[in-house]
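Notes follow once the structure below has been shown.
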Amino acid sequence: MEVKERIDWLRSELHRHNHNYYILNAPEISDQEFDFMMRELQDLEQAHPEYSDANSPTMRVGSDLNKEFQQVVHRYPMLSLANTYSEAEVADFYDRVKKGLEGEDFEICCEMKYDGTSISLTYEDGRLVRAVTRGDGVQGDDVTSNVKTIRCIPLQLPEGDYPGQFEIRGEILMPWNVFEKLNQEREANEEPLFANPRNAASGTLKLQNSKEVARRKLDSYLYYLLGEELPCDGHYENLEKARGWGFKISEGMKKCKTLQEVLDFIKYWDTERKNLPVATDGIVLKVNSITQQRHLGYTAKSPRWAIAYKFQAERALTKLEKVTYQVGRTGVITPVANLSPVQLAGTVVKRASIHNADVIEGLDLHIGDMVYVEKGGEIIPKITGVETSARNAETGEKVQFITVCPECGTSLVRFEGEAAHYCPNDVACPPQIKGKIEHFISRKAMNIDSLGPETVALFYNAGFIHDFTGLYDIFYRQGEIMTIDDYYDKNPWEFMSIPGFKSKSVLKAMQSVRDSLQVPYPRVLYALGIRFVGETTAKLLAKAFPSIDLLAAASLQDLLEVDGIGQVIAESIIRYFADERNLQIIEKLKANGLQFALSEEVLSDRSDKLAGKSVVISGVFSKHSRDEYKALIEKHGGKNVGSISAKTSFILAGENMGPAKLEKAKKLGVSIVNEEEFLSMIE
Ligand code: IVH
């Protein structure tokens with residue numbers, strides 16, 4: 001068989017098996033056979049870039065390529081739905097529709113209201129060409145490469161009676177079990193948790209790295225077909241058609257002829273939804289006939305032909321015993337409601353978060369108040385209201401937010417425009433120091449993973465270390481290989497007092513502390529825990545100031561000149577280096593041999609040859625892969641952008657550059673550079 005034929009065959013088979021597995025739940029082949037076919041296709045595509053295809057099943061695995069999202073205007077605006085909360089309001093809707101249709105018969109299609117993030121998919125000739133988020137309803141982000149990793153979304157439809165062009169809209173969801181696992185992982189890595197699957201789904205969809213998106217296993221249901229030539233006049237019938245084309249459409253969908261049937265549907269799903277693998281927060285009711293939908297039309301914000309009924313979040317009434325305050329690792333103070341234990345959605349609730357001082361004020365909380373707690377999709381319950389009618393002579397005082405840190409006694413501060421109170425004592429407030437040490441050893445920072453947060457806390461509480469530099473006093477001896485005996489000599493104060501921390505753990509800790517000397521400068525910079533300097537900012541800073549001395553000497557103006565560094569970050573950096581105690585920490589780490597400058601290696605193949613240039617990559621290449629070209633552009637100070645505009649400096653073009661792009665480049669007068677020319681530019 002010709003290579004091209006084999007590739008085509010593998011692609012269509014993989015699309016088919018994917019559909020069998022993710023939509024029909026009826027696989028014909030084993031996972032292993034599937035993987036083999038996928039691997040063969042990957043190999044063939046790598047060897048024959050001339051046959052590349054943006055919708056190949058291999059695109060499902062995502063790429064590490066960073067991509068800024070393009071804004072795309074929706075062909076049909078993405079409207080929202082009016083909400084209702086009671087049977088009476090549903091009945092009102094039903095009557096309004098009846099009136100609007102002047103006595104005509106009508107049907108209501110009832111569907112689950114999925115609680116995720118909405119997406120609009122465009123198909124042309126059966127190929128997924130674009131996936132765009134809702135955005136502001138008028139325009140959204142083009143997240144096609146991320147959406148392609150979602151297995152139940154077809155990239156290429158098999159032959160069928162679908163229109164040449166159509167849009168299909170639906171919800172991207174993170175199933176409960178995936179959500180719980182992701183949060184467990186994040187907890188272990190000391191990353192902030194997602195409050196609910198909806199935030200997790202939308203956060204994931206906006207990730208820059210589609211490989212990570214693929215790993216997170218998103219799901220999706222589609223619920224709205226749009227286009228100029230739809231197959232049927234019924235919404236329900238169109239969705240059934242779409243199911244036949246290969247889309248994942250909810251099973252819980254029903255056409256109702258009477259209000260009673262609608263109410264029965266709502267009642268049934270209010271309990272049944274708890275058995276679904278994904279979050280739902282209501283029922284959507286839609287007039288089924290599209291002709292009738294058109295007749296009813298739209299208000300400024302939402303259709304008159306549809307409405308959402310929102311399920312009542314489960315809530316309980318209980319007594320507020322007292323408010324305590326937690327100090328986070330960044331110094332943020334979180335008020336916590338301590339409640340009389342109460343049963344809520346299957347668990348006993350004793351505590352609830354109250355977020356910040358404004359919320360306390362807004363609720364007008366008093367000690368002893370009877371308060372409503374809700375769980376609505378969140379893991380941590382929250383207080384949503386106060387039963388003021390239950391107040392009596394025994395109700396206590398109004399809750400006053402504390403003014404000093406409960407851990408170290410420092411006066412709290414509140415930055416302009418921020419809701420949170422902070423403890424500013426970041427060098428001596430215990431939870432903040434512990435937090436800094438935990439951050440320092442975390443995987444993405446120094447990766448001293450054999451010491452977990454609990455062990456670090458024990459070391460700190462026992463007074464063995466006072467900040468993260470202490471780890472090098474204990475576990476590292478410069479210039480010599482440290483043995484376990486050295487370790488006990490050096491640290492005579494008996495480690496037996498740290499339960500479970502025996503020779504094996506000591507050896508592991510010594511090893512990872514020693515390995516941390518190889519951690520490159522940008523990660524060391526991140527590990528220092530300078531406020532507002534996350535991983536990405538640390539990389540930007542290291543690029544602009546290739547050593548810590550240069551960074552320390554930078555003025556506010558110098559910092560602001562770096563693309564991506566704004567006032568808040570710049571000021572925080574200035575503040576950090578102005579503090580003598582921080583300089584001492586850096587000196588101590590330097591003395592131990594940590595990397596405080598970009599290595600020669602990294603420095604030598606960088607240049608400014610493409611500084612200020614925006615480059616579009618298009619077509620198929622033979623000397624390097626696309627990803628490699630992207631890396632080369634960045635290494636030489638340029639920026640890789642997704643689409644051609646008047647600001648594009650040039651197009652790096654391989655074989656088979658699309659005719660539309662060529663035309664646009666010509667029109668805008670953007671020059672086209674081939675592989676050879678590009679490589680000699682950066683030589
Ligand atoms: S139809 C014009 N159907 O709810 C009608 N929306 O407030 C467009 N949603 O943004 C929406 N499940 O994200 C529709 N079965 C369903 C839905 C649904 C969830 C979401 C969607 C939309 C929001 C409306």
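Within a 6.0 Å sphere centred on NZ of K267, heavy atoms belonging to other residues, nucleotides or ligands number 12 at most. More than 12 heavy atoms of other residues, nucleotides or ligands lie within 6.0 Å of NZ in K274, so this atom counts as buried by the packing criterion. The local environment of CG in N392 is crowded, with over 12 non-hydrogen atoms from other residues, nucleotides or ligands closer than 6.0 Å. No more than 12 heavy-atom neighbours from other residues, nucleotides or ligands sit within 6.0 angstrom of CD on E87. Shown here is K539, whose NZ atom has no more than 12 heavy atoms of other residues, nucleotides or ligands within 6.0 Å. For E180, the CD atom sits in a packed shell: over 12 heavy atoms of surrounding residues, nucleotides or ligands are nearer than 6.0 Å.
A salt bridge does not link E321 with K350: none of the charged nitrogens is closer than 4.0 Å to a carboxylate oxygen. Between E111 and K286 there is a salt bridge, since at least one side-chain N of the basic residue sits less than 4.0 Å from a carboxylate O of the acidic one. Taking 4.0 Å as the cut-off between side-chain N and carboxylate O, E438 and K434 do not count as a salt-bridged pair.
Ring geometry, F401 versus Y325: the interplanar angle exceeds 60°, so the pair is classed perpendicular (tilted spans 30 to 60°). Ring geometry, F179 versus W176: the interplanar angle exceeds 60°, so the pair is classed perpendicular (tilted spans 30 to 60°). Between F440 and Y472, the ring-plane angle classifies as perpendicular under the 30° and 60° cut-offs.
Separation of atoms CE (M446) and OG (S516) is listed at 4.0 Å; rounding is to 0.5 Å. Interatomic distance, CD of Q208 versus OG1 of T536, reported as 9.0 Å (0.5 Å rounding). Here L205 contributes atom CG and S118 contributes atom OG; the two are 10.0 Å apart, rounded to the nearest 0.5 Å. We find the CD1-CE distance between I119 and M78 to be 7.0 Å, quoted to the nearest 0.5 Å. Summarising the geometry, atom CD1 belonging to I574 is positioned 9.0 Å from atom CZ belonging to F577; distances are rounded to the nearest 0.5 Å.
For the pair F93 and V262, the minimum side-chain heavy-atom distance is 4.5 Å or more. Between K398 and D364, the closest side-chain pair of non-hydrogen atoms falls below 4.5 Å. Looking at heavy atoms from C-beta onward, C110 lies out of side-chain contact with I266 at the 4.5 angstrom threshold. Residues L525 and L541 meet the side-chain proximity criterion, which asks for heavy atoms closer than 4.5 Å. L363 places a side-chain heavy atom less than 4.5 Å from the side chain of V386.
Residues satisfying the side chain to side chain donor-acceptor pair (under 3.5 Å) test with D219, not counting sequence neighbours, are K248. Listed by chain and number, the residues in a side chain to side chain contact (heavy atoms under 4.5 Å, CB included) with S512 are I448, D449, S450 (sequence neighbours excluded).
Between the side chains of E571 and Q567, at least one donor-acceptor pair of N or O atoms lies under 3.5 Å. A side-chain donor-acceptor contact under 3.5 Å links K588 and T469. Donor-acceptor pairing under 3.5 Å is recorded for the side chains of E272 and N275. Under 3.5 Å, the side chains of Q557 and S555 contain no donor-acceptor pair of N or O atoms. A donor-acceptor pair shorter than 3.5 Å can be found between the side chains of S250 and Y114. Defined by atom type and a distance below 3.5 Å, a donor-acceptor pair is missing between the side-chain atoms of Q312 and Y85. Side chains of T204 and R216: a donor on one and an acceptor on the other come within 3.5 Å.
Y526 has its ring centre less than 6.0 Å from the ring centre of H439.
Among D281, T117, D115, the one residue that satisfies the side chain to side chain donor-acceptor pair (under 3.5 Å) test with R198 is D115.
Here the side chain of S572 pairs a donor or acceptor atom with the backbone of R531 at under 3.5 angstrom. Judged by distance alone, with hydrogens and angles left aside, the side-chain atoms of R414 form a donor-acceptor pair with the main-chain N or O of A419 at under 3.5 Å. Under the 3.5 Å distance criterion, the side-chain polar atoms of N338 are matched with a main-chain donor or acceptor of V336. D369 contributes no side-chain N or O that, together with a main-chain N or O of L365, makes up a donor-acceptor pair within less than 3.5 Å. At distances below 3.5 Å, at least one donor-acceptor pair connects side-chain atoms of D136 with backbone N or O atoms of Q139.
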_The test is salt bridge (charged side-chain N to carboxylate O under 4.0 Å, His left out); show your working for K436 and D467 and say whether it passes._
CA-CA 8 Å; K436 281 197 170 201; D467 57 45; over 6 Å; no
Would you tabulate the side-chain donor-acceptor contacts of residues 422-430 under 3.5 Å, counting partners in other chains and residues two or more places apart, or write 'none'?
residue, atom, partner, partner atom, Å
Y422, OH, E418, OE1, 3.1
N425, OD1, A428, N, 3.2

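A cation-pi geometry, defined here as NZ or CZ lying under 6.0 Å from the six-membered ring centre and within 45° of its normal, does not hold between K113 and F311.
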